[in-house]
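Atoms within each ligand, like the ligands themselves, are counted from 1 in listed order.
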Amino acid sequence: MKVLVVGGGGREHALCWAISRSPLLGRLWCAPGNAGIAEVADCAPIAADDVDGLVRFCGEQGVDFVVVGPEQPLVLGLVDRLQAAGIRAFGPTAKAAELEGSKGFMKDVLDKCGVPTAAYGRFTDPEAAKAFIRKMGAPIVVKADGLAAGKGVLICMSVEEAEIAINQVMVEKAFGDAGTEVVVEEFLDGEEASFFAISDGTRAVALVGAQDHKRAFDGDQGPNTGGMGTYSPAPVLTPELEAEVMRTCIDPVVRGMAAEGRPFTGVLFAGLMILPGPEGRPVPKVLEFNARFGDPECQVLMKRLKSDLLAALLAASEGRLDEVELEWHEDAALCVVMAADGYPGSYRKGTEIRGLEAAAQVEEVTVFHAGTARAEDGRILATGGRVLGVTAHARTIIDAQRQAYTAVDLIDWPEGFCRRDIGWRAIERG
Ligand code: AMP
Ligand code: GLY
């Protein structure tokens, strides 16, 4: 089978790494890929959002199956275009990807399906949004409706701050057209976790949970990022809680999307807030849905997955998830992201990274590349903000953390940084 993975980050490296082990695989491409991905797949120089270019490439090469990593091509309708060309693909159609593409649409679906989530309002008029904010009080959360590269969420500690946020998003258009509409919602105070399932449009199979560290610096300080590290399992998500999340959050959305005429095929990534409930019983609420694997969550999921990923994604795309039962390593996986100095602000590109071979020798460590390129003379250069995901697999989170940092310390990249405390929450829980 000829397979194309779309994207070029750490998530796509992990997907390619897992797919490359499948007995079903004949040839694997990745577009655009990166220097790490080039070790397991052939990289095709086509941007992930170049829908025309990707469809043309699949036709020319006779690609049988496409796995889409990032949200942008999904929202742009890549899967629809591939289907129209008779090419199978894993990922939602544009209408189904609106679950991630429009926060207002997502909230309405959750509301209709009775999924526990924060109280909210949708607004296209700034004054109406401000009136709602004054009625609700603070703290309160202002979200740009559309895709804003993970930056469109503003947590506001006072009513004044929230009114300023409305001006920034809706009037000054800080996130462009993504802020034409906003969602204003209740602030939820709890512990965050990510939960993943794959859906074939009518049913869902649970993957596993993970937790990530969104802030740039140790102790969860500093600016928000795409994710500086992650681990799985997430101790806060007990097996009972995961079953509850499937029942109360995932299954109703699969049914609801089908009822809306937008059956969802692909990854359902629920961003959860776990709140303390009556008698200390944890209550999960959905903060948001994404229509793809998380990055860097995917890296730890792939390290823990025992089953054939390609077979599972293929079954999902063909409505055959009833045939799939996934097996997971019981052990823990932990990923430390190494980023360029300055990230998530401005950073230098083209700095050299050494020591990657030594790092990959550490027991059960895989260094997933997120933003790298190989120079003509063979050197590996950093090309992005998040650059590497050093991922270890071990019996416990503490062991995985030790192995990951042993590998990190073998990487010689003076212009990069990482957090030194990935996994602290899980380790503190014991
Ligand atoms: P989102 O892109 O919706 O996941 O939001 C980004 C981050 O903002 C989340 O990971 C949370 O840390 C935070 N957040 C979003 N919505 C809420 C909320 N209703 N209450 C508290 N924190 C939130
Ligand atoms: N790590 C969070 C995300 O992929 O959205």
Side-chain angles (χ1 to χ4, degrees), residues 7 9-12 14-15 69-72 74-75 97 99-107 110 115-121 133 136-157 162 165 169 175 178-179 182-196 207 209-216 220 222-232 234 267-275 283-302 335-337 339 344 368 370 385-386 389 391 419 422 425:
R11 164 182 49 211
E12 288 76 25
L15 292 172
E71 62 276 19
Q72 200 78 38
L74 296 170
V75 171
L99 204 52
E100 173 159 3
S102 164
K103 290 190 192 300
F105 171 77
M106 181 255 306
K107 293 292 288 189
L110 298 187
V115 173
T117 187
Y120 72 106
I133 287 166
M136 295 272 287
I140 193 155
V141 186
V142 173
K143 300 184 173 185
D145 180 78
L147 292 183
K151 297 193 179 76
V153 174
L154 302 163
I155 312 276
C156 305
M157 299 320 287
V169 177
F175 309 109
V182 297
V183 169
V184 178
E185 71 178 31
E186 173 197 4
F187 175 81
L188 299 177
D189 197 6
E191 184 170 342
E192 275 188 74
S194 307
F195 185 76
F196 299 86
L207 304 181
Q211 267 177 311
D212 77 348
H213 296 266
K214 290 219 166 90
R215 301 296 195 100
D220 294 328
N224 245 323
T225 72
M228 293 300 292
T230 185
Y231 49 92
S232 174
V267 178
L268 282 169
F269 163 4
L272 302 172
M273 191 68 94
I274 315 293
L275 303 157
V283 176
K285 290 195 178 185
V286 172
L287 285 181
E288 64 161 0
F289 266 105
N290 295 311
R292 52 172 175 83
F293 282 107
D295 187 347
E297 288 92 334
C298 188
Q299 288 82 317
V300 289
L301 262 55
M302 292 305 112
C335 170
V336 177
V337 169
F368 292 118
R386 291 189 295 171
T391 310
R419 283 182 56 163
I422 300 303
R425 209 183 273 280

Per-atom contacts of ligand 1 with K143, taking only distances under 4.0 Å to non-hydrogen atoms: 3 (O), 15 (C), 16 (N)

Polar side chain donor-acceptor pair, S194 to E297, under 3.5 angstrom: yes

R425 side chain vs A234 backbone, donor-acceptor pair below 3.5 Å: no

Closest protein heavy atom (residue, atom, distance) for atom 13 (C) of ligand 1: I155 CD1, 3.7 Å

Under 4.0 Å to a heavy atom of F187 - the qualifying atoms of ligand 1, by number: 20 (N), 21 (C)

Closest candidate by heavy atom, reference atom 9 (C) of ligand 1, pool E192, M273, K285: E192

Side chain to side chain contact (heavy atoms under 4.5 Å, CB included) between K107 and T117, intermediate numbers included: CA-CA 8 Å; K107 293 292 288 189; T117 187; 2.8 Å; yes

Interfacing atoms of ligand 1 (cut-off 4.0 Å, heavy-atom, L188): 18 (C), 19 (N), 20 (N), 21 (C)

Numbering as shown, the atoms of ligand 2 that approach F269 to under 4.0 Å (heavy-atom distance): 3 (C), 4 (O), 5 (O)

Residue pair L15 / C298, side-chain heavy-atom distance below 4.5 Å: yes

Heteroatom proximity flag, D212 to ligand 2, N/O under 3.5 Å: yes

Side-chain donor or acceptor of R386 paired with backbone N/O of V337 under 3.5 Å: no

L301 side chain near R11 side chain, heavy-atom distance below 4.5 Å: no

Heavy-atom side-chain contact between L287 and E192 under 4.5 Å: yes

Under-4.0 Å heavy-atom contact with ligand 2, by part of R292 that carries it: side chain

Atoms in ligand 1 flagged as close to K103, the criterion being non-hydrogen separation under 4.0 Å: 2 (O), 3 (O)

Those atoms of ligand 2 less than 4.0 Å from some heavy atom in G294: 4 (O)

N/O separation below 3.5 Å, G226 to ligand 2: yes

Test item: R292 side-chain N/O and L74 main-chain N/O as donor-acceptor pair under 3.5 Å: no

Minimum-distance protein heavy atom relative to atom 17 (C) of ligand 1: L287 CD2, 3.5 Å

Nearest protein heavy atom with distance in Å, relative to atom 5 (O) of ligand 1: V153 CG2, 3.4 Å

For atom 2 (O) of ligand 1, the protein heavy atom that lies nearest, with its residue and separation: E288 OE1, 3.3 Å

Value rounded to 0.5 Å, distance of CZ in F175 from CG in L154: 5.0 Å

Interfacing atoms of ligand 1 (cut-off 4.0 Å, heavy-atom, E185): 16 (N), 17 (C), 18 (C), 19 (N)

Per-atom contacts, ligand 2 versus E297 - under 4.0 Å to a heavy atom: 1 (N), 2 (C), 4 (O)

Derivation of the side chain to side chain contact (heavy atoms under 4.5 Å, CB included) call for L268 and L99: CA-CA 9 Å; L268 282 169; L99 204 52; 3.6 Å; yes

